[in-house]
Amino acid sequence: MYNKQFFIDEFKRLGLKQTDTVFVHSSYKQIAGNEGIEGGAETLIDAFIEYFGEQGLVVFPAMSWKLGYLVNDNGETRSPALGAADGFYEYGSNFDVRETPCDYLGIIPELFRKREGVVRSLCPTSSVAAYGKDARAFCEGHERAETPLNWDSPWGRLYERGAKILFLGTTMACNTFLHVVEDHASLPGLLDDYVWNFTVTDYGGRVFPVSFKRHVPHHNHYYIKVEPELCERGIAKRVTFGSAASHIVDARSEADYILRKLKEDPYLFYPEYNK
C-alpha cells in the first residue's frame with residue numbers, strides 16, 4: 001500500500017524540485033490502482049503540501065464550470081442563451097469561495113480546496129486552489145480577468161512561473177491550460193457572444209457581481225491529438241506515478257509551441273474542423 005513517503009520519493013524520482021510550481025490534474029482511482037493508499041486521498045495531498053508547500057507552489061483546478069448553465073437530471077447542460085427547454089432547470093449562478101464544490105474533478109481537488117492554508121481564486125467558473133508561500137498573490141485578481149481562462153490570471157501565471165503540469169492518471173483532454181493558450185492567441189469565434197452574470201462571495205463574506213464571456217465548448221476533446229508531438233519534442237514526458245500512467249508537461253514550452261501552431265492553424269482544436 002502506498003504511503004506519504006512513497007509519493008515524496010516519486011516526486012524526486014520524476015525530477016520535480018521542491019521549488020517547482022506544479023499544476024495537478026489527477027485521478028485518485030488510477031494513482032491508487034490495486035495497491036491502495038494508506039490514509040486515502042488526504043495522504044496524497046499531505047505529500048504534495050510537504051514537498052512543494054514550503055519553497056514551491058502546488059496548484060489544483062477548483063473549477064465549478066456548471067454555474068450559469070441550465071442542466072437536466074442526466075447531467076446535460078444547455079446555455080441560457082438558447083432559452084428554456086423541457087427538463088432543464090437553472091443550476092445556479094452564485095459562487096461562494098468557501099462552499100461551492102468543484103465540478104467533475106475528482107476527490108483530490110475537492111479535498112485540497114478545503115485544506116487549511118489553501119487559497120482559492122475568485123473566478124466563479126474556473127477557479128484554482130493553491131498552497132505555498134505566495135499562494136495568495138498567485139490567485140489574486142482572477143475575478144477581474146477579462147475571461148475566466150485569461151492570460152492575465154492565475155492560469156497565465158503558470159507560464160510566468162515555468163510550471164510543470166502533471167497529468168496523474170488523466171489524459172491531455174484535461175489540459176485546461178490549452179484553453180488559456182487559445183484565449184491568449186485571440187482566436188476567431190473563441191468566445192460566445194452571450195454575457196454570463198454571476199455573484200461571488202469572497203472569504204470575508206463580501207458579495208459582488210462578476211460578468212464575462214465564456215469560451216465556446218468542446219475544444220478540449222481535441223487537445224489530446226497534440227500529445228504525440230509534444231512528447232516527441234520533449235515538451236511532455238510519459239511517466240508513471242503510483243499505479244497511474246501519467247505525463248509531465250512544461251507549461252512554458254507547451255504554450256510557446258502551441259501558439260506557433262495556432263498562428264499557422266487558428267482552428268486546430270475547433271470541433272467543426274475535427275470531424
Side-chain angles (χ1 to χ4, degrees), residues 2-12 14-28 31-32 37-64 95-103 105-124 126-143 145 148-149 153-170 174 176-177 180 200-204 241-242 246 248-251:
Y2 301 132
N3 58 24
K4 182 177 72 172
Q5 188 58 50
F6 171 84
F7 291 118
I8 289 173
D9 291 341
E10 287 284 84
F11 299 143
K12 295 175 182 176
L14 296 175
L16 297 169
K17 301 174 184 177
Q18 290 181 282
T19 54
D20 281 339
T21 295
V22 292
F23 187 92
V24 189
H25 296 282
S26 58
S27 166
Y28 175 78
I31 295 168
I37 300 175
E38 183 181 313
E42 297 283 11
T43 296
L44 183 55
I45 293 170
D46 288 342
F48 272 103
I49 287 175
E50 182 173 321
Y51 191 74
F52 298 103
E54 219 173 281
Q55 301 178 61
L57 188 72
V58 55
V59 189
F60 280 84
M63 295 178 286
S64 43
F95 173 79
D96 187 325
V97 69
R98 301 159 298 186
E99 302 295 338
T100 301
C102 305
D103 281 335
L105 297 175
I107 188 174
I108 301 173
E110 179 64 9
L111 292 174
F112 180 78
R113 74 165 184 88
K114 298 177 181 179
R115 274 295 185 96
E116 185 176 353
V118 168
V119 180
R120 187 182 190 184
S121 66
L122 296 177
C123 176
S126 304
S127 65
V128 301
Y131 185 98
K133 61 183 180 181
D134 56 351
R136 191 166 299 281
F138 178 81
C139 292
E140 187 177 12
H142 198 174
E143 69 278 15
L149 294 164
S153 79
W155 292 99
R157 290 172 198 143
L158 295 173
Y159 180 92
E160 295 171 11
R161 298 175 71 102
K164 303 295 187 292
I165 304 177
L166 311 182
F167 298 86
L168 307 181
T170 68
C174 301
T176 311
F177 184 63
V180 186
V200 172
T201 304
D202 67 15
Y203 283 104
F241 183 82
S246 303
I248 300 176
V249 178
D250 182 88

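None of these values were measured; they are calculated from a predicted model.
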Salt bridge (Lys or Arg N to Asp or Glu O under 4.0 Å) against E143, all qualifying residues, sequence neighbours excluded
none
Quick one: pull up CG in L122 and CG in D96 and give me the separation to the nearest 0.5 Å.
10.0 Å
Name all residues meeting the ring-ring contact (aromatic ring centres under 6.0 Å, His included) criterion together with Y203; count only those two or more places apart in sequence or in a different chain, and write none if there are none.
none
Do V249 and K164 make a side-chain contact, defined as non-hydrogen atoms from C-beta onward lying under 4.5 Å apart?
no
Applying side chain to side chain contact (heavy atoms under 4.5 Å, CB included), can you list everything that pairs with K114, at least two apart in sequence or on another chain?
E110
Distance (rounded to the nearest 0.5 Å) between T21 OG1 and I165 CD1:
11.0 Å
Closest contact, heavy atoms only, P148 versus S126:
CB-OG, 3.5 Å
Donor-acceptor pair, side chain of R113 and main chain of A130, under 3.5 angstrom:
no
Would you list the pairs meeting salt bridge (charged side-chain N to carboxylate O under 4.0 Å, His left out) in which at least one residue belongs to residues 129-139, sequence neighbours left out?
D134-R161
Per-pair distances, 0.1 Å, donor-acceptor, side chain in residues 47-64, under 3.5 Å, sequence neighbours excluded:
from : atom 1 : to   : atom 2 : distance (Å)
E50  : OE1    : K4   : NZ     : 2.6
Y51  : OH     : L16  : O      : 2.7
S64  : OG     : P124 : O      : 2.6

With the side chain counted from C-beta on, respond yes when V128 and F23 share a heavy-atom pair under 4.5 Å apart, and no when they do not.
yes
Would you please test D46 and R115 for salt bridge (charged side-chain N to carboxylate O under 4.0 Å, His left out) and show each step?
CA-CA 10 Å; D46 288 342; R115 274 295 185 96; 2.6 Å; yes
Go through the structure and list residues passing side-chain hydrogen bond (donor to acceptor under 3.5 Å, both in side chains) with S121, not counting sequence neighbours.
H142
Are the side chain of S127 and the backbone N or O of R120 linked by a donor-acceptor pair below 3.5 Å?
no
First locate atom CG of L44, then atom CD1 of I8, and finally report the distance between them rounded to the nearest 0.5 Å.
10.5 Å
Any Y2 side-chain heavy atom under 4.5 Å of I31 side chain:
no
List for me each residue that meets salt bridge (Lys or Arg N to Asp or Glu O under 4.0 Å) alongside R157, sequence neighbours excluded, and say none if there are none.
none
Using the rule ring pair (Phe, Tyr, Trp, His ring centres under 6.0 Å), only one of F241, F167, F177 pairs with H25; which is it?
F167
Hits for salt bridge (Lys or Arg N to Asp or Glu O under 4.0 Å) against D9, two or more places apart or cross-chain, chain-then-number order -> none
Rounded to the nearest 0.5 Å, the SG atom of C123 sits from the CG atom of L149 at a distance of 7.0 Å
For A41, check side chain to side chain contact (heavy atoms under 4.5 Å, CB included) against everything at least two apart and list the hits.
Y28, I107, I108, L111
Could I get the full list of salt bridge (Lys or Arg N to Asp or Glu O under 4.0 Å) partners for D202, not counting sequence neighbours?
R206
Excluding sequence neighbours, so at least two apart, what forms ring-ring contact (aromatic ring centres under 6.0 Å, His included) with F138?
none
T100 side chain to R98 backbone, donor-acceptor under 3.5 Å
no
Check: T43 main-chain N/O paired with E38 side-chain donor or acceptor under 3.5 Å
no
Results of side-chain hydrogen bond (donor to acceptor under 3.5 Å, both in side chains) for D20 - residues two or more places apart only
none
